[in-house]
Each structure stands twice: as C-alpha cells, then as structure tokens.
Amino acid sequence: MRWSKLFIPTLRENPAEAEVASHQLLLRAGYVRQLAAGIYNYLFLAQRSLQRIIHIVREEMDAIGGQEMLLPGLNPAEVWQESGRWTVMGDNMFRLKDRWGRDLCLGMTHEEVMTVIARGELRSYKQLPQIWYQIQTKFRDEPRPKSGLLRVRQFLMKDSYSFDLDATGLDISYQKHYEAYCRIFDRCGLRYTVVEAHSGAMGGSQSHEFMVASDAGEDLIVVCPKTGYAANLEKAVSRPVPPLMADPEGDLTPEEFHTPGRKTIAEVAEFTGLPETSQMKSLVMVADGQPVLALLRGDHQLSETKLATALAATAIRPAHPAEIREWFGADAGSLGPVGVKNMRILADLALQGRKNMIAGANRDDYHLRHVTPGEDFQAEFFDLRQVAPGDTEIHTGEPLEIFKAMEVGHIFKLGYKYSESMGLRVLDENGKEVTPIMGSYGIGIERILCAAIELYHDADGMVLPASIAPFHVVITPVNYNDSAQREGAEKLYSECKDLGLDALLDDRDERPGVKFKDADLIGVPFRITVGKKLSQGTVELFVRHGKQSTDVPAIEAPQRVKQLIAG
RNA sequence: CGGGGCGUGGCGCAGCCUGGUAGCGCACCUGCCUUGGGCGCAGGGGGUCGCGUGUUCAAAUCACGCCGCCCCGACCA
C-alpha cells in the first residue's frame with residue numbers, strides 16, 4: 001500500500017492523558033483514537049495488526065478441532081437469570097431494555113449462550129467432545145477503565161468452550177487449549193509466564209493464566225525461577241519467613257495490659273518491644289452478610305480471595321467501624337479472638353502451633369499478652385495469607401519473585417456449573433442421562449497487541465514482532481522526487497508484494513527524517529531505504545529491532561527481508 | 001463509590017490568582033526553497049475558552065451546579 005493514500009495520523013507529541021507506553025504509542029502511532037472512557041476506535045493500523053493476531057488465534061484454535069461460531073453480543077436476560085449471573089455480575093454488566101420493556105444485556109462472556117446451544121442440540125455421548133469458539137466483542141462496564149486498551153469497556157475476545165463426557169475428557173480439552181495458547185503467544189512473539197490462577201468459588205477446579213510481565217499490568221504473580229512454580233498472587237502459596245522471636249514457653253494465661261493510643265500492629269510492636277511476627281492481626285470481615293474474624297500473623301496481609309474461597313463466599317468486605325463496635329464493644333486497633341462467640345474465627349496457617357502472642361483485648365486501648373490459639377480461643381485454620389516479598393517456595397524453600405503482569409489468556413475448568421444449572425444432558429453409552437462437563441478459555445485480542453508494545457518499544461516507537469505488525473516492511477525512498485529513487489522504490493515494492501510480504505511504500509513527498517520517524521513509530525520491523533547508493537545498485541536494509549542498518553544489493557533486498565521474517 | 005488533577009483551534013500548552021485585545025509551539029493550507037533523522041523563509045485558515053446558571057457595565061478569568069476525561073484507591077467472570 002502507498003502511504004500517501006493511507007490514514008495514519010501520527011502525533012509528534014504524547015497526548016496528555018496517556019500514561020502507559022502502549023497507550024501513548026497506540027495514540028501517537030495513529031493506531032487508535034478514543035471515543036469515550038474505555039471505548040476506542042481502532043483505526044487502520046490497529047485493525048491490520050489485530051487481524052493478524054486473530055488470524056494466528058484462528059489457525060491454532062482450528063488446529064485443535066475448535067469450531068468457530070459467532071454468537072450475539074445482545075443477550076436476553078433469561079439465560080443469565082438461569083445461571084444466576086444476572087445478579088452476580090452486578091454493575092459490571094451493561095443492561096438495557098427493548099421497546100417492550102424486556103430486559104437485555106450486552107454479553108460479557110458466553111458460557112450461558114453456548115450452553116443454550118448445546119442443550120438444545122447435543123443428545124448423545126457420540127457427539128462429544130466439542131470445542132466451540134468465537135472471536136467477538138465483549139462488553140463490561142468497568143468501574144475504572146484505564147491504561148489505554150488494557151482495561152476497557154468494549155474489547156475483542158477469543159472465547160472457547162469445551163463439552164466433554166467426563167473429567168478425563170475435560171483434561172484433554174484443557175491440555176489442548178494449554179498447548180494451543182502456548183503456540184499462539186509464541187507466534188505472536190510474546191514472552192509470557194503460565195501461572196496457576198484462582199478458579200473462584202464458582203465451581204471451577206483448575207485454571208491457568210497466561211501472563212506477560214509488565215509494570216503496566218494489573219496482576220501480581222509469584223514465580224520461583226528454580227522450581228518453576230508460578231501462580232497468581234491471589235492463589236499463590238509460600239513458606240513465610242520464620243517469626244523473628246521465639247514464643248515464650250509454657251501455657252501462660254492471657255493477661256490484659258494498657259496500650260494507650262496504640263492501634264496498628266507497628267505501634268503495638270514498638271510499645272511492647274516484641275516484633276510484628278509476635279503479634280496477632282485481627283480483621284473483621286463481612287462475607288455474604290455474615291461477620292467473620294480473620295486472624296493473621298502481625299506482619300502478614302490477608303488475601304481476601306483466599307478468605308472468600310475458605311468461606312465459599314461470593315462477596316466479601318471489611319466490616320464498617322459501626323459494625324465492629326457493635327460486635328466487639330471496641331474499635332479496630334484493639335480487637336482480638338479471645339472471648340469472641342458470635343462469629344466464625346478463621347486463622348491463617350502461620351498461626352498454627354504459635355503460643356503466647358499479643359492480640360487485642362476487645363477493650364479500647366487494651367491488648368492481651370500470652371494468647372495461644374487452641375487454648376485461649378478456637379479457630380478454623382486455612383491458608384489466608386498473601387504471599388509477601390521474602391517468602392520462599394513452599395516445598396523447597398527456594399526464593400520466590402513477585403512481579404506485575406498483564407493477563408493475555410485464561411483457561412478454566414468450569415466443571416458442571418453451567419451444564420447443571422441450565423439443564424444440559426446427553427445419553428451415555430448405557431442410555432443413561434449424564435451431564436457433560438465444560439471448560440472455558442479466553443484470550444484478550446487487544447491485550448496481545450498491548451503486551452507486545454509494552455515488551456517491545458523504545459524512545460522512537462513500537463518494535464513489533466513481524467507476525468503481528470501491520471506491515472512487514474516499509475520501502476522508503478529518501479527523495480521521492482528523484483525519478484531513479486522513485487522507480488527503484490516502486491520496483492522493490494512490487495517485488496516485496498510478489499514474495500508475499502505485506503509491504504508499505506512511503507511515497508509521501510516528505511523529508512526523509514519525517515519518513516524515518518514515522519516508520520520507527522508505527523513499528524514496522526524492516527525498512528528498505530532507497531537513496532543515492534541506488535545508482536550503485538545498493539539499498540539499505542534497516543532492522544527496527546536493534547536499529548542496525550546494512551547495505552545490500554537492491555535485487556536481493558526483498559528476499560533478505562523474507563528470510564529475516566521466516567527466521 | 002472515596003481521594004487528587006485536568007478541560008482554552010487537530011495535538012501539546014500559556015493566559016485565570018489580580019475580570020476588559022484569546023496567545024505560543026507543533027500540525028494544516030498556499031508559494032518559494034530544501035531532500036539521509038520530525039528542514040528554512042513568507043503568507044494564510046481554523047477556537048461556542050466543556051455545559052448551564054449567577055455576580056458584574058464587562059467573565060476564559062469570580063461563585064454555584066452539572067458533564068467529560070486522566071491518575072491513585074476500592075472493585076475487577
């Protein structure tokens with residue numbers, strides 16, 4: 001294509017609202033324009049790049065037997081009410097009414113609709129397994145869209161769903177997806193980590209996320225380079241650093257002492273001269289309307305996800321100050337488990353076996369010393385603790401690393417949640433009715449592009465992998481008014497096209513600097529520069545990644561580009 | 001939903017405190033010039049100053065209300 005005819009609105013300066021690199025560059029390079037918060041127009045370059053990503057996704061999904069469909073974005077309320085998610089999704093769901101006042105919503109994902117198709121048509125075990133997928137626009141009314149295309153309200157997702165006769169079948173479908181996802185992200189040129197993910201209180205049994213390490217990401221992941229352990233922080237387990245001071249020996253009796261104005265763990269630690277690891281942290285939470293007391297070692301953080309999982313709760317929040325006062329007769333800062341009878345007490349595993357610790361006395365400005373779990377109060381023990389820097393791998397004690405990452409894919413064993421609640425049944429080989437088991441698998445299409453930009457950019461712009469760049473190569477005559485250069489460039493352009501390369505001819509009457517800057521910005525991986533040396537039959541081959549430039553014979557240049565892309 | 005910031009030509013900003021002429025850089029258009037990293041000269045077009053109400057002789061500027069966008073937090077199948 002000829003640049004002079006294209007709409008590629010590059011910007012010299014960074015738009016003020018863009019914070020993360022991918023957002024800045026997508027705007028500057030003329031890929032996208034914002035229409036509203038979290039809603040973007042994908043212009044020519046973005047569309048090309050996304051189509052190349054989609055092409056890769058489609059090839060790999062087809063390769064594992066996936067069958068592409070296209071389901072409606074507009075859904076009737078009924079199917080979501082059947083699964084119960086009409087209410088569970090809350091404000092994150094875009095809802096609307098038709099002219100008759102019937103409730104509709106915009107699809108956030110398509111488990112329900114896929115299950116409706118399946119239950120209407122699948123009759124026999126002979127029809128299983130099935131893998132159905134689509135590449136489709138999803139709508140989510142995010143409370144806070146941010147970071148350009150990273151968290152938006154409308155986005156493209158490849159979502160697939162597997163239907164199997166039994167758990168063994170699901171394992172196979174799951175594994176197929178796992179491997180297909182690796183191939184997809186490999187082909188897109190991403191460096192990624194597969195982590196164990198929280199599968200939710202929603203009946204899921206196993207789940208992996210495909211994460212790209214980046215400070216622009218919103219997730220934290222825990223990785224052990226030595227053992228290969230990798231998990232989302234929501235799910236990760238670890239061996240905590242040992243307590244800094246041994247507990248006093250013996251079964252001592254709890255003893256109240258005055259702690260005026262000391263509310264935080266740090267203040268109490270300083271006041272008592274005992275480290276935070278000798279303190280017991282008491283957090284009052286409300287899970288599905290029920291109060292619960294969560295206990296942790298003083299230096300540890302509660303994982304609300306783990307607590308919710310332990311309680312099988314769907315909604316969890318910290319208690320309000322008024323609730324705490326009502327239930328405990330004291331304010332946060334002086335709370336503890338001793339004498340608490342009106343709620344469940346869950347304690348983190350790190351408190352198991354500890355004794356004679358410091359805890360709040362449930363009396364303002366008083367704490368207790370010599371508090372021992374199992375003796376002075378009873379608690380249910382669970383892993384409630386968030387992995388912290390310095391923790392080690394739970395089995396080996398090898399060091400763990402924690403870093404930010406963005407989620408580009410997620411695979412999920414759904415189990416029977418939707419097939420059960422929505423009445424999907426088939427007959428097995430004995431003629432007995434059985435409920436198929438499902439899996440659900442998503443890929444964020446735009447996030448692949450964002451992740452690639454976050455991973456591969458420099459001060460001059462994007463450095464996209466050839467597989468997802470909008471063009472493979474740009475042919476840049478230094479002076480388009482020079483007829484020799486112009487003709488040489490035209491020739492190279494058609495040769496590139498003949499080789500099957502996606503070529504862009506920069507036929508604009510611009511100064512060379514402008515053309516170079518623009519080409520660098522939009523991230524085309526290769527550039528053939530046609531200048532004065534053309535008279536000796538030589539052009540320049542510029543490699544965007546690394547910015548190396550070499551003189552090559554003009555007749556060889558297109559083939560060289562093709563080889564570099566293949567290699 | 002809590003906290004903070006911003007809204008002035010397409011983009012980036014100044015002007016606002018202390019009310020009175022809307023300004024700069026880039027981009028754009030025309031002409032000349034130039035052609036290896038966002039050239040140069042000259043001329044030119046384009047702005048309901050987010051919206052509304054109020055104060056005032058007079059509002060981009062002051063007050064109140066609303067809307068939008070960004071950031072932090074909460075939230076995030």
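Just so we're on the same page: letters track the sequence lines, and every chain starts at 1.
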- Whole-angstrom distance between B/C64 and B/U55, as gauged at atom P: 15 Å
- Note on the structure: In Watson-Crick or G-U wobble terms, with both distances under 3.5 Å, the base opposite B/G47 is none
- Whole-Å P distance, B/U53 and B/C71: 32 Å
- Task: Please state the C1' separation for the pair B/C51 and B/C13 - nearest whole angstrom.
- Result: 23 Å
- Just call it for A/Glu218: base, sugar-phosphate, or nothing, with non-hydrogen atoms closer than 4.0 Å on any strand. nothing
- Task: Return the nucleotide paired to B/C33: Watson-Crick means purine N1 to pyrimidine N3 with N6-O4 or O6-N4, wobble means G-U with N1-O2 and O6-N3, both under 3.5 Å.
- Result: none
- Query: Would a distance-only check, ignoring hydrogens and angles, find a side-chain to backbone donor-acceptor pair under 3.5 Å from A/Gln24 to A/Ala18?
  - Reply: yes
- Residue-phosphate contact under 4.0 Å: A/Arg12 side-chain N/O, B/C26 OP1/OP2: no
- Message: Students often get this wrong, so: under 4.0 angstrom with heavy atoms, is A/Lys515 touching a base, only sugar-phosphate, or nothing?
- Response: nothing
- With heavy atoms under 4.0 Å as the rule, sort A/Thr305 into base, sugar-phosphate or nothing. nothing
- Message: Need one value for A/Asp482: base, sugar-phosphate or nothing, where a base atom within 4.0 Å counts as base even if backbone is also close, heavy atoms only.
- Response: nothing
- Task: Check the distance between B/G10's C1' and A/Phe7's CZ and give it to me in whole angstrom.
- Result: 10 Å
- Quick note, A/Asp518 side chain, CB onward, closest among B/U35, B/C76, B/G38 is B/G38
- Query: Base, sugar-phosphate alone, or nothing: which one does A/Asp460 contact when heavy atoms must sit under 4.0 Å apart?
  - Reply: nothing
- Message: Tell me which nucleotide, if any, is Watson-Crick or G-U wobble paired with B/G73 when both distances must be under 3.5 Å.
- Response: B/C1
- Query: Can you tell me how far C1' of B/C11 sits from CD of A/Gln34, to the nearest Å?
  - Reply: 14 Å
- Message: Once you apply a heavy-atom cut-off of 4.0 Å, does A/Ala18 come out as touching a base, just sugar-phosphate, or nothing?
- Response: nothing
- Looking at the side chain of A/Pro512, which of B/C76, B/C69, B/G36 is the nearest nucleotide? B/G36
- Query: What about A/Arg527: does its side chain form a donor-acceptor pair under 3.5 Å with the base of B/G37?
  - Reply: yes
- Whichever of A/Lys533 and A/Asn92 has its nearest RNA chain B nucleotide further upstream toward 5': A/Lys533
- Query: Is A/Arg447 positioned over the aromatic face of A/Phe155, cation under 6.0 angstrom from the ring centre and no more than 45 degrees off axis?
  - Reply: no
- Item | A/Gln536 atom CD, neighbour heavy-atom count above 12 within 6.0 Å | yes
- Query: Rounded to the nearest Å, what distance is computed from the NZ atom of residue A/Lys146 to the P atom of nucleotide B/C76?
  - Reply: 14 Å
- Do A/Tyr480 and A/Gln485 pass the side-chain contact (heavy atoms from CB on, under 4.5 Å) test, and can you show the C-alpha distance, the side-chain angles, and the key distance before you say yes or no? CA-CA 6 Å; A/Tyr480 201 65; A/Gln485 289 184 25; over 6 Å; no
- Item | Residue matched to B/U56 through Watson-Crick or wobble contacts both under 3.5 angstrom | none
- Taking the six-membered ring for Trp, is the centroid-to-centroid distance between A/Phe526 and A/Phe471 below 6.0 Å? no
- Item | Closest to side chain of A/Leu11, choosing from B/G36, B/C13, B/C11 | B/C11
- Note on the structure: Classified by glycosidic angle (syn within 90° of 0, else anti), B/U21 comes out syn
- Message: Students often get this wrong, so: under 4.0 angstrom with heavy atoms, is A/Arg33 touching a base, only sugar-phosphate, or nothing?
- Response: nothing
- Message: Rounded to whole Å, please give me the gap between CD in A/Glu234 and C1' in B/C75.
- Response: 12 Å
- Query: Can A/Ser4 and A/Asp507 be counted as having a side-chain donor-acceptor contact under 3.5 angstrom?
  - Reply: yes
- Message: My understanding is that only one of A/His177, A/His410, A/His110, A/His208 makes a ring-ring contact (aromatic ring centres under 6.0 Å, His included) with A/Tyr441; could you say which?
- Response: A/His177
- Sticking with atom C1', work out how far B/G20 lies from B/C67, rounded to a whole angstrom. 29 Å
- Message: Using Watson-Crick or G-U wobble geometry with both distances under 3.5 Å, which nucleotide pairs with B/G68?
- Response: B/C6
- Can you tell me, in whole Å, how much space there is between the P of B/U56 and that of B/U61? 16 Å
- Pair A/Asp458 + A/Arg544: basic N to acidic O under 4.0 Å: yes
- B/C75 C1' sits how many Å from A/Glu304 CD, rounded? 10 Å
- Query: What interatomic distance, in whole Å, is found between P of B/A58 and the corresponding atom of B/U48?
  - Reply: 22 Å
- Whole angstrom value for the distance that separates P of B/C70 from CG of A/Leu26: 15 Å
- Task: Using Watson-Crick or G-U wobble geometry with both distances below 3.5 Å, tell me the partner of B/G38, or none.
- Result: none
- Quick one: label A/Arg144 by what it contacts on the DNA or RNA (base, sugar-phosphate, nothing), any heavy atom closer than 4.0 Å. base
- Message: For the C1' atoms, the ones on B/A59 and on B/G19, what distance do you get once it is rounded to whole angstrom?
- Response: 6 Å
- Query: Taking the P atom of each, how far is B/A22 from B/G9, in whole Å?
  - Reply: 16 Å
- Task: Rounded off to whole Å, could you give me the CG-to-P distance for the A/Leu35 and B/G68 pair?
- Result: 14 Å
- Grab the CD-P distance between A/Glu142 and B/A74 for me, whole Å please. 15 Å
- Check whether NZ of the Lys or CZ of the Arg A/Arg153 lies under 6.0 Å from the centre of the six-membered ring of A/Phe94 and within 45 degrees of that ring's axis. no
- Hey, which of these two, A/Asp520 or A/Glu13, hits RNA chain B nearer its 5' end, going by closest nucleotide? A/Glu13
- Item | Sugar-phosphate, base or nothing in reach of A/Pro143, heavy atoms under 4.0 Å | base
- Message: Classify A/Glu111 by what it touches in the nucleic acid, base, sugar-phosphate, or nothing, heavy-atom distance under 4.0 Å.
- Response: nothing
- Query: What does A/Arg28 touch in the nucleic acid at a heavy-atom separation under 4.0 angstrom: a base, only the sugar-phosphate, or nothing?
  - Reply: base
